[in-house]
Amino acid sequence: MRELPVHLAAFDSGFFRRMFYEDTRNDDRCHHFNRSFQLLLNLEMGSKSVVDMIEASSQVHYSGFHMNGDMNGVEPVALQETTSASPDIQRQPFVIGVAGGAASGKTSVCDLIIQQLHDQRVVLVNQDSFYHSLTEEELARVHEYNFDHPDAFDTDLLLSCMEKLRQGQAVDIPKYDFKTYKSTVSRRVNPSDVILLEGILLFHDPRVRALMNMKIFVDTDADVRLARRIKRDTSQNDREIGTVLDQYSKFVKPAFDDFILPTKKYADIIIPRGGDNHVAIDLIVQHICTKLGQHDLCKIYPNLYVIQSTFQIRGMHTLIRDAQTTKHDFVFYSDRLIRLVVEHGLGHLPFTEMQVVTPTGSVYSGVDFCKRLCGVSVIRSGESMENALRACCKGIKIGKILIHREGDNGQQLVYEKLPNDISERHVLLLDPILGTGNSAVQAINLLISKGVPEGNIIFLTLISAPQGVHVVCKKFPRLKIVTSEIENGLNEEFRVIPGMGEFGDRYFGTDDD
Ligand SMILES: Nc1ncnc2c1ncn2[C@@H]1O[C@H](COP(=O)(O)OP(=O)(O)O)[C@@H](O)[C@H]1O
Ligand SMILES: Nc1ccn([C@@H]2O[C@H](COP(=O)(O)O)[C@@H](O)[C@H]2O)c(=O)n1
Ligand SMILES: [Mg+2]
């Protein structure tokens with residue numbers, strides 16, 4: 001069994017609460033939602049609709065910087081964005097494939113996931129809907145038809161329906177009738193944030209597998225599957241028990257062994273006992289919520305860039321968040337993560353095209369880095385990011401800002417030392433934690449008051465609370481935030497949750513007794 005994703009932190013699903021209604025027909029369940037859903041924000045945002053927020057942020061959407069005059073007449077162009085905030089990626093729904101033997105409990109598992117994802121727009125698509133309708137000739141010899149073979153499904157139709165849903169279009173999906181062996185009508189399925197795709201042979205075709213962000217295999221004992229099948233086919237589908245058993249031994253069992261079981265290896269998560277396995281379902285739901293939390297913020301704010309997560313990055317986060325991690329390891333892994341954030345941040349700077357001659361005498365068409373740069377660290381934690389910036393940008397000037405926390409909400413600027421020509425530079429603002437956003441707003445306001453154009457500021461941070469993201473992105477839509485993870489939220493003391501404690505104390509070793 002492949003390993004479960006390690007980061008399964010809980011997400012405060014109440015944060016984005018959507019009004020919806022549910023439409024349940026036959027075995028296909030479609031969860032539609034009222035488009036005029038509300039986004040309830042607490043803390044400093046007050047109560048704002050998502051429409052307000054999208055309007056505020058959509059006025060400015062830069063894919064790169066466009067400066068005139070300070071690059072020797074050469075118009076800078078944007079670097080390719082490499083983070084999860086690229087618009088195409090943002091709009092894509094989170095697709096979960098659920099495969100497993102017939103009557104293993106796939107639909108039941110999907111139902112439980114849908115119930116728990118009550119705040120999200122979710123749609124369930126069954127592979128059963130894409131069964132080919134039988135011809136009259138096939139109907140006459142139905143007992144010789146193999147419904148468990150990959151050819152029994154219209155996979156091209158499934159792929160085209162999924163493609164439309166992924167592009168945000170509504171689609172008509174056939175309704176298959178197990179009694180007549182035909183699809184006559186269809187049902188309209190609206191685009192949504194999560195698509196659950198369920199069926200016995202979903203992992204068989206590599207094109208279908210490629211659609212999935214997460215693959216789950218429901219692993220239920222063969223006897224249990226057979227018992228449930230007999231019960232289901234005799235009661236719901238009006239079949240004789242002898243026919244059910246014949247079909248099982250002739251087609252269902254061999255197809256399970258030949259086509260379904262071999263696809264178990266593609267699963268990210270294998271659930272024993274199906275819907276009875278509440279622990280596995282809780283973990284899956286938490287993971288989806290974490291993913292959706294990040295997707296949602298990136299959808300609302302095009303100026304937020306969350307680094308694409310990998311197991312390396314999650315592993316580093318796991319270490320620096322662990323309260324038991326030694327200072328030495330905390331510094332080592334924080335430094336690695338900081339370096340990644342800094343490199344991503346630099347990727348958002350403008351560049352000029354440049355050609356060089358290689359030792360082979362050939363011409364290489366490349367780019368020249370932006371040179372009018374400076375860093376500004378927010379004392380004290382931000383200073384931990386200076387080394388990474390210096391390592392990437394030789395001789396870079398670094399200014400400092402000290403903001404004193406007064407009570408929970410008040411933040412006072414008490415010290416600043418910035419380069420005199422800062423208004424002519426692109427500024428990389430350094431602070432590893434974005435919490436309420438109050439310090440960040442103070443720091444950014446100072447930079448703007450010194451003449452730095454908002455669009456020339458890139459705020460680099462290791463972790464960001466959604467509340468801080470809302471505050472900063474809404475107030476400064478031209479600024480870019482680059483972060484490595486979005487947190488669940490803030491606690492009553494305005495500390496980031498799950499967070500990593502006092503970053504400055506852990507990094508500089510001042511948390512010792
Ligand atoms: N954990 C369970 N305990 C008892 N019955 C179950 C359980 N899970 C599913 N079933 C029943 O078994 C049958 C098949 O389950 P279903 O979820 O439809 O499986 P699948 O979608 O894999 O064919 C259904 O009648 C369902 O009610
Ligand atoms: N007309 C049909 C079509 C399919 N089957 C059987 O259904 C099983 C797949 O459905 P699940 O919900 O259990 O995944 C599969 O084993 C087919 O044999 C059928 O009996 N009649
Ligand atoms: Mg099913």
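Everything numeric here is computed off the predicted structure, so don't read it as measured data. For ligands, and for the atoms within them, numbers begin at 1 and follow the listed sequence.
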G101 heavy atom under 4.0 Å from ligand 1:
yes
Can you tell me if [X] contacts ligand 2 (heavy atom of the residue under 4.0 Å from the ligand)?
{"X": "Y176", "answer": "yes"}
{"X": "R232", "answer": "yes"}
{"X": "A103", "answer": "yes"}

Contacting atoms of ligand 2, where contact means under 4.0 angstrom from a heavy atom of [X]:
{"X": "Q247", "result": "18 (O), 19 (C), 20 (O)"}
{"X": "D148", "result": "15 (C), 16 (O), 17 (C), 18 (O)"}
{"X": "Y181", "result": "1 (N)"}
{"X": "R239", "result": "1 (N), 2 (C), 19 (C), 20 (O), 21 (N)"}

Measure from the side-chain N and O atoms of T220 to the backbone N and O of S104, and report whether any donor-acceptor pair falls under 3.5 Å.
yes
Do side-chain atoms of T234 reach the backbone of I241 as a donor and acceptor pair under 3.5 angstrom?
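No, the answer is negative, given that no donor and acceptor are paired below the 3.5 Å cut-off.
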Using a 3.5 Å cut-off on N or O atoms only, is [X] in polar contact with ligand 1?
{"X": "R273", "value": "no"}
{"X": "G105", "value": "yes"}
{"X": "G275", "value": "no"}

Is the centre of the Y248 ring less than 6.0 Å from the centre of the F256 ring?
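Not close enough - the centres of the two rings lie 6.0 Å or further apart.
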[X] with [Y]: basic N within carboxylate O range, under 4.0 Å:
{"X": "K182", "Y": "E136", "result": "yes"}
{"X": "R207", "Y": "E163", "result": "no"}
{"X": "E144", "Y": "K250", "result": "no"}
{"X": "K253", "Y": "D257", "result": "yes"}

With heavy atoms of T107 as the reference, note each atom of ligand 1 found under 4.0 Å away.
17 (O), 18 (O), 20 (P), 21 (O)
Using a 4.0 Å heavy-atom cut-off, say whether F251 meets ligand 2 through its side chain, its backbone, both or neither.
neither
Report the part of D128 in contact with ligand 2, treating N, CA, C, O as backbone and CB onward as side chain, heavy atoms under 4.0 Å; options are side chain, backbone, both, neither.
side chain
Give a yes or no on whether K231 atom NZ has more than 12 heavy-atom contacts from other residues, nucleotides or ligands under 6.0 Å away.
no
How about Q312: does its CD atom have over 12 heavy atoms from other parts shown lying under 6.0 Å from it?
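Counting other residues, nucleotides and ligands, CD of Q312 stays at 12 neighbours or fewer.
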Can you tell me if, anywhere in N126, an N/O/S atom lies at a distance from the Mg ion (ligand 3) that is smaller than 2.8 Å?
no
Output the distance between atom CZ (R232) and atom CD (Q236), rounded to the nearest 0.5 Å.
7.0 Å
Return the name of the atom in E198, of element N, O or S, nearest to the Mg ion (ligand 3).
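Distance check against the Mg ion (ligand 3) picks out OE2 in E198.
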Using heavy atoms and a threshold below 4.0 Å, how should the contact between R232 and ligand 1 be classified: side chain, backbone, both, or neither?
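For R232, the contact with ligand 1 is made by the side chain alone.
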Check: I281 and I113 side chains under 4.5 Å, non-hydrogen atoms
yes
